[in-house]
Each structure stands twice: as C-alpha cells, then as structure tokens.
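Take a look at the structure set out below.
Throughout, protein chains are lettered first and strands after them, A, B, ... in sequence-line order, and every chain is numbered starting at 1.
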Number of protein chains: 2
Amino acid sequence: MKKEKQERSEACNHTLLAIRDTMELLSGKWKVQIIGTLIMTEKLKFMDLKRTVGGIGAKMLSKELQELEINQLVKRTVCNTKPITVEYEITEYGKSLQKVIYEIGAWGVQHRKHLFNSTSEYVLLNEKEDTTGVFQTC
Amino acid sequence: MKKEKQERSEACNHTLLAIRDTMELLSGKWKVQIIGTLIMTEKLKFMDLKRTVGGIGAKMLSKELQELEINQLVKRTVCNTKPITVEYEITEYGKSLQKVIYEIGAWGVQHRKHLFNSTSEYVLLNEKEDTTGVFQTC
DNA sequence: CAGGATCCTTTACGATACTG
DNA sequence: CAGTATCGTAAAGGATCCTG
C-alpha cells in the first residue's frame, strides 16, 4: 500500500470512529428527538416533554433522560412543588449538537418531499399519530 | 393556547416528525458508518467495505446494505467475475446525507477532545480495536 | 408527578454452516 | 465471493403497578 493511501485510510478510520462515538451516545429510539425537543424549547417539565415527544412512555423517557444527563447533554432540575416536578433543559454542551440535530431534521424534511415527488403511492411514515400533545413552552 | 404558541408548536412537531423519519432510515448499529464509508470512498467491494467498517459481520453488512439500497441511498453492482463480486457505492441521493454524516463525525471528533479535557479518568470508547483493515479504495 | 421495580415481548445482533 | 438460512443470545422497548 502506498504511503499516500495509508494516510487517507487513517483519516477515514478516524472519522469512522468518531461517527461510532456519536451514534453510541445518540443510540436509542428517542434520544435524538428528546434532544431536538429540548434544543427547540429550552426547559420543559417531564410531562410536557413526554407529550411533546409523543408516543414515548414514561419509563423510556426517564431512562433516556438519565443517559443524556450522564453525558452532560441535558440538565435536570427538581422543582419545589407538591407533588414534586422536574424540569429538563439542554446544557451548553448539549447545544453543541445543534448542527447535527438541525441537519437530521432538515434532511428528514427534504426526504418527505423526495418521497412525495418520486412515487405516487408513497408511504408517509410517522404521520401525525397521537398528537394530542399540548405544548407548554414550545 | 395563544395562536402564536400554536404555530410554534406545529413547527416543532413538524421537525420532530422529520427527525423521526431520518433516524428510522439510519437505524441500526452500522448504517451511518456504512454510509459514511461510502461517502468517503465511492465504490467499494463487499469485502473491502466490510474491512473498512470494521467489526461488522457479513450477514449484518449484507442486511444493512439491502435496507440502504431499498431507500435508494446506495447502489449495488454485480461484477462479472468468477466467483461473483459486488460493488457498492453511494447514490446521488445518498450524497444528500453528506452534511448529516459530516456533522455527526465532526461532533464525535470534538467530543473526544471534550472528554479528554474534562476528566483525567475518561474512557475512550471504540478504541482502535481490530483495525486490521486494509483500505483498498479509501 | 417523577421514576423505580417487575415482567414480558419483540427486535437486533451475531456465529455458524451452507450454496450458486 | 456474496449472500441466505438457521439458530441462539442479548438488548431494547413497553405495559403495569407501586411509592415518596
């Protein structure tokens, strides 16, 4: 293998590892949506977050939020109410994911258009399902 | 709910659906890495792709590639060799994911730096494991 | 309300062996 | 070589009940 090629391959490898890292943090059915929601809203109560994300169960939301908190992407604040209430917000570090999330969202939007334009019998996934959600802060 | 708020909530909802769509297409442990690899290389034989991605089994790779092909993100070409050989490359449409993939990679890179700077006993995931990989086209 | 504990179902993933 | 088929395991996801 020529040296030039070797260098290129190392750059690739490096990027692939980075991709792997990121995807590991964002793994799980809901993480990206949660982060996206929090980036768009800044500070939501647990139940509002649940409603906004839509479709996620309380246990899942709770679990995913814990993982995100461990990775310093979201901040959890317990409010002094009765009964207890918890607010979640994106951290400064979490905001560094903004571009990533934005691109993902933007691609999704144009992808729908693509489907719409390329076939007549397309299937739109994730059609507004149970969007009974009320947005408090969003 | 005030009208203004309602509009905002619909915009959010729209974006969240889009995010969901994208993540659905990119679901699976390897899809993003595969696309990333193909975006960086343009045209790889099955085995080379397998080596480049690193760690993935043949069955998985095959399956993920099929799903990507169905979504028109990669193109599969059977070569007239003996025994048969198959080449994969990113499609034009697949290239539309370039920005997404780039941002994911870039974030992963800076995230490593973040870990490095914020703690002394950090854990680097995905350390070069079995990178016995030889890059042919990459 | 937030979230832990349990239990259960369903995928995802992977190792192995086999075929054109 | 590039898959497919089969099987087994592990993880993810979800429903329900329970408590401070």
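Between dG3(C) and Y88(A), a contact under 4.0 Å exists linking OP1 or OP2 to a side-chain N or O. Regarding contacts with the backbone of dA2(C), every side-chain N or O of R76(A) stays at 4.0 angstrom or more from both OP1 and OP2.
Salt-bridge check for E67(A) with K31(A): passed, with a basic side-chain N closer than 4.0 Å to an acidic carboxylate O.
One atom, CD of E67(A), and another, P of dG13(D), lie 9 Å apart when rounded to the nearest Å. Distance, W30(A) CH2 to dA11(D) C1': 17 Å, rounded to whole Å. Atom pair L49(A):CG and dG3(C):P shows a separation of 10 Å (rounding to whole Å applied). If you take NZ of K50(A) and C1' of dC1(C), they are 12 Å apart, rounded to a whole angstrom. The CG-P distance, from L61(A) to dT16(D), rounds to 18 Å in whole Å. One atom, CD1 of I56(B), and another, C1' of dC13(C), lie 10 Å apart when rounded to the nearest Å. When the P atom of dA11(D) is taken as reference, atom CD of E24(A) falls 13 Å away, rounded to whole Å. In this structure, CE of M60(A) is placed 6 Å from C1' of dA12(D), rounded to the nearest angstrom.
At a threshold of 4.5 Å between non-hydrogen side-chain atoms, the residues K45(B) and V86(B) do not count as touching. Side-chain contact between D21(A) and R112(B) is present, with at least one heavy-atom pair separated by less than 4.5 Å.
When hydrophobic clusters are built by joining Ile, Leu, Val, Met, Phe, Trp and Tyr residues whose side-chain heavy atoms come closer than 4.5 Å, directly or via intermediates, I39(A) is grouped together with Y93(A). Hydrophobic clustering (side-chain heavy atoms under 4.5 Å, transitive across Ile, Leu, Val, Met, Phe, Trp, Tyr) keeps V100(A) apart from Y102(B).
Listed nucleotides dC1(D), dG3(C), dG14(D) differ in distance to T85(B); the shortest reach to its side chain belongs to dC1(D).
Across all strands, Q66(B) comes closer than 4.0 Å only to sugar-phosphate atoms, never to a base (heavy-atom distances). Within 4.0 Å (heavy atoms only), K29(B) reaches sugar-phosphate atoms of the nucleic acid but no base atom.
Heavy-atom distances to DNA chain D give each of M47(B) and K59(B) a nearest nucleotide, and the one nearer the 5′ end belongs to M47(B). Closest-nucleotide positions on DNA chain D for F46(B) and I84(A) were compared, and the one nearer the 5' end corresponds to F46(B).
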